[in-house]
Amino acid sequence: MTHENSNDKTQQTPPASEGIPAPEGPANLIDTDYVIGQDNITTNTFGFDVDLHGKVFTISSLVILVFVILTLALQTEVGPWFEGLRNWLTSHLTWVFLLGANVFVVLSLVLIFTPLGKVRIGGAHAKPDYSYMGWFAMLFAAGMGIGLMFYGVSEPLTHFSTSMAGTTMENGVRTDWAPLGGAAGDEQGAISLGMAATIFHWGLHPWGAYAIVGLALALFSFNKGLPLTMRSIFYPILGERVWGWPGHLIDILAVFATLFGLATSLGLGAQQAAAGLQYLFDIPPSKLTMVILIVGITAVALLSILAGVDKGVQRLSQINMGLAALLLLFVIAVGPTVMILTGFFENLGSYLKFLPELANPFGRDDVNFSQGWTAFYWAWWIAWSPFVGMFIARVSRGRTVREFLIAVLLVPSIVSVLWMTAFGGTAIGQVINDGFTGVQNAALEVKLFAMLGQLPLAEITSFIGIVLVIVFFVTSSDSGSLVIDSITAGGKVDAPKAQRIFWAIMEGAIAIALLLGGGLEALQAMAVSTGLPFTIILLVGCYSIVKGLMSEPKAIK
């Protein structure tokens with residue numbers, strides 16, 4: 001049941017103490033007796049204020065603690081189990097991930113071009129909380145940071161190499177890793193296909209998942225007056241039952257997805273930072289080094305948490321944006337500049353050309369590529385979507401739906417294309433033009449530094465690369481703890497900082513446990529396994545978004 005709130009800004013809105021501002025101007029609030037935080041446990045324990053949703057926090061934290069303890073205690077046994085889990089999920093359910101990601105992109109694009117795009121987040125008179133630059137910086141740092149650093153060189157080069165090698169068959173099954181049908185012996189064709197496959201993984205589809213979650217959370221919190229938590233999206237479907245066990249389970253799944261999606265990124269970041277330290281300072285990239293890195297960076301994230309969103313996450317995000325832009329411009333300037341600049345538009349064209357085939361969820365012959373690359377990526381992005389979605393929802397109040405979707409969907413995709421073209425194109429150019437195969441032969445986490453090593457000022461740029469990985473690591477940990485704390489605090493956005501500190505520590509602990517208990521396979525397995533149920537949840541949530549937007553008044557300029 002809803003009612004129009006055209007004049008009274010406080011009617012049916014949460015109290016100011018809960019941190020969710022009332023809609024400004026006309027907004028169609030949901031009429032519910034639920035009060036944010038009514039099921040919370042509020043107390044002071046050992047000198048720390050506590051304000052937690054009893055069921056969601058208790059179940060989430062206990063299950064995760066048991067997981068960490070068992071993974072650390074049974075390191076030898078769990079490694080093969082993680083690998084088997086990942087392989088089974090991607091081999092049997094790839095079509096679910098691909099189909100779901102397609103739905104998210106199509107819905108986002110449709111909303112941009114319909115009158116629903118005129119709805120303003122936070123009410124028809126709401127003003128943006130952040131400038132465009134501050135907003136873009138936080139969007140980009142939260143959504144793609146460590147991944148671009150880790151895969152920016154390796155993925156374009158890998159897809160180029162596998163495309164060039166063509167296809168191989170054993171017992172009627174393809175055993176190669178080439179996307180689609182490959183481009184055997186065709187250098188230009190391999191570049192085109194390899195870059196298209198890379199952009200496919202870093203363009204519209206991942207940001208489509210983020211956009212859907214972010215828009216849904218922002219709409220139902222800032223316009224409908226519901227808690228900023230995943231269960232609120234499902235009010236149009238579940239009604240008041242969303243405050244009971246169906247809602248508890250949705251939020252618990254969101255906690256698991258966020259934690260394991262983050263742990264995957266933190267583990268990758270630790271591996272790459274350790275590889276960079278070996279490259280520059282000859283420090284062995286052992287598991288001990290990675291554990292020390294995770295502990296140290298988590299400690300820095302705790303300082304950022306204490307500083308708050310405006311002083312902590314926003315400033316770190318802007319520092320990251322500046323450093324990333326500096327490194328990108330440097331590679332464009334001293335690398336194959338003409339190849340990069342012309343390649344940007346050529347790669348965009350290749351992406352659009354191959355997009356229908358790459359996005360096809362059924363009847364694929366390129367099983368290694370579609371299962372080993374695409375399905376893992378889609379599961380990883382979807383596992384990340386509660387984290388990124390809730391974070392961008394919190395910083396996007398005052399934007400119209402159209403403005404939100406264009407910014408979240410298109411701007412980061414364009415930047416990702418430029419990044420992959422510059423870094424991946426430079427590495428491919430080193431192979432084709434210079435005959436340098438060092439990047440091709442380097443380990444995954446070392447490829448960035450091997451590529452930079454062939455350019456001027458290699459030690460300086462490699463050091464900047466390590467700093468970028470670390471700062472992306474910090475902003476992800478800080479932002480992630482902010483989101484998980486909001487979910488486990490019943491939707492409150494100003495819960496005690498001690499709770500965010502707890503979750504930041506848990507993120508680091510899970511990353512350490514997974515690295516020690518199975519390495520990259522364990523990280524990927526948990527991202528895929530938590531991404532699967534959340535794909536189903538988000539597909540159902542798409543209906544709620546459309547229904548919620550249709551009841552909203554349009555923005556007043």
Side-chain angles (χ1 to χ4, degrees), residues 83-106 147 150-206 208-209 346-382 416-417 420 424 427-428 431 440 444 447 520-521 524-525 527-528 531-532 535:
E83 186 175 1
L85 174 65
R86 177 189 182 279
N87 291 339
W88 188 90
L89 288 170
T90 53
S91 62
H92 289 81
L93 298 170
T94 293
W95 66 273
V96 176
F97 294 117
L98 267 68
L99 188 62
N102 290 343
V103 170
F104 304 146
V105 172
V106 171
F150 196 82
Y151 289 107
V153 170
S154 65
E155 189 171 350
L157 186 58
T158 298
H159 295 329
F160 161 74
S161 300
T162 56
S163 296
M164 272 287 285
T167 61
T168 56
M169 303 284 291
E170 287 185 18
N171 300 320
V173 178
R174 277 182 58 176
T175 56
D176 62 274
W177 284 78
L180 302 179
D186 180 0
E187 193 172 89
Q188 192 54 48
I191 293 174
S192 177
L193 180 56
M195 291 303 302
T198 301
I199 296 167
F200 174 58
H201 290 153
W202 296 89
L204 295 177
H205 281 74
E346 292 171 358
N347 294 338
L348 268 178
S350 298
Y351 167 58
L352 295 174
K353 173 185 174 183
F354 289 109
L355 180 59
E357 292 179 86
L358 291 167
N360 174 29
F362 304 111
R364 296 285 289 267
D365 294 325
D366 53 347
V367 289
N368 282 337
F369 173 80
S370 60
Q371 295 174 9
W373 279 99
T374 305
F376 161 64
Y377 268 143
W378 281 192
W380 188 15
W381 302 147
I382 291 166
S416 296
V417 174
M420 292 297 185
I428 292 170
V431 174
Q440 273 185 316
L444 187 65
K447 289 184 185 293
L520 187 60
E521 290 78 14
Q524 293 179 342
V528 172
L532 177 63
T535 304

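Please read these numbers as outputs of a predicted model, since none were measured by experiment.
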>> Does anything in residues 178-188 form a side-chain hydrogen bond (donor to acceptor under 3.5 Å, both in side chains)? List the pairs, not counting sequence neighbours.
In response: none
> Shortest non-hydrogen contact from Phe369 to Ala197?
Replying inline: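 For Phe369 and Ala197, the tightest heavy-atom pair comes out as CZ-CB, 3.7 Å.
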> If every non-hydrogen atom of Ile382 is compared with every non-hydrogen atom of Gly531, which pair is closest and at what distance?
Replying inline: CG2-O, 3.6 Å
> Can you list the steps and then say if Thr94 with Thr374 is a side chain to side chain contact (heavy atoms under 4.5 Å, CB included)?
Replying inline: CA-CA 8 Å; Thr94 293; Thr374 305; 6.0 Å; no
Within this structure, what is the [atom1]-[atom2] distance for the pair [X] and [Y], rounded to the nearest 0.5 Å?
{"X": "Leu444", "Y": "Glu155", "atom1": "CG", "atom2": "CD", "value": "9.5 Å"}
{"X": "Ser161", "Y": "Ile428", "atom1": "OG", "atom2": "CD1", "value": "7.5 Å"}
{"X": "Asn102", "Y": "Leu355", "atom1": "CG", "atom2": "CG", "value": "8.0 Å"}

Going by side chain to side chain donor-acceptor pair (under 3.5 Å), name the residues that satisfy it together with [X], two or more places apart in sequence or in a different chain.
{"X": "Gln371", "value": "none"}
{"X": "Ser350", "value": "Ser192"}
{"X": "Ser370", "value": "none"}

Listed partners of [X] passing side-chain contact (heavy atoms from CB on, under 4.5 Å), at least two apart:
{"X": "Ile199", "value": "Asn347, Tyr351, Val417"}
{"X": "Val106", "value": "Val110"}
{"X": "Ala427", "value": "Val153, Leu157, Val439, Met451"}

Set of ring-ring contact (aromatic ring centres under 6.0 Å, His included) partners for [X], sequence neighbours left out:
{"X": "Phe200", "result": "His205, Trp378"}
{"X": "Trp88", "result": "His92"}
{"X": "Tyr377", "result": "Tyr151, His201, Trp202, Trp373, Trp381"}

What donor-acceptor contacts under 3.5 angstrom involve side-chain atoms of residues 176-184, with partners at least two apart or in another chain?
unit_1 : atom_1 : unit_2 : atom_2 : d
Asp176 : OD1    : Thr168 : N      : 3.0
Asp176 : OD1    : Arg174 : NE     : 3.0
Asp176 : OD2    : Arg174 : NH2    : 2.7
Asp176 : OD2    : Ala178 : N      : 3.0

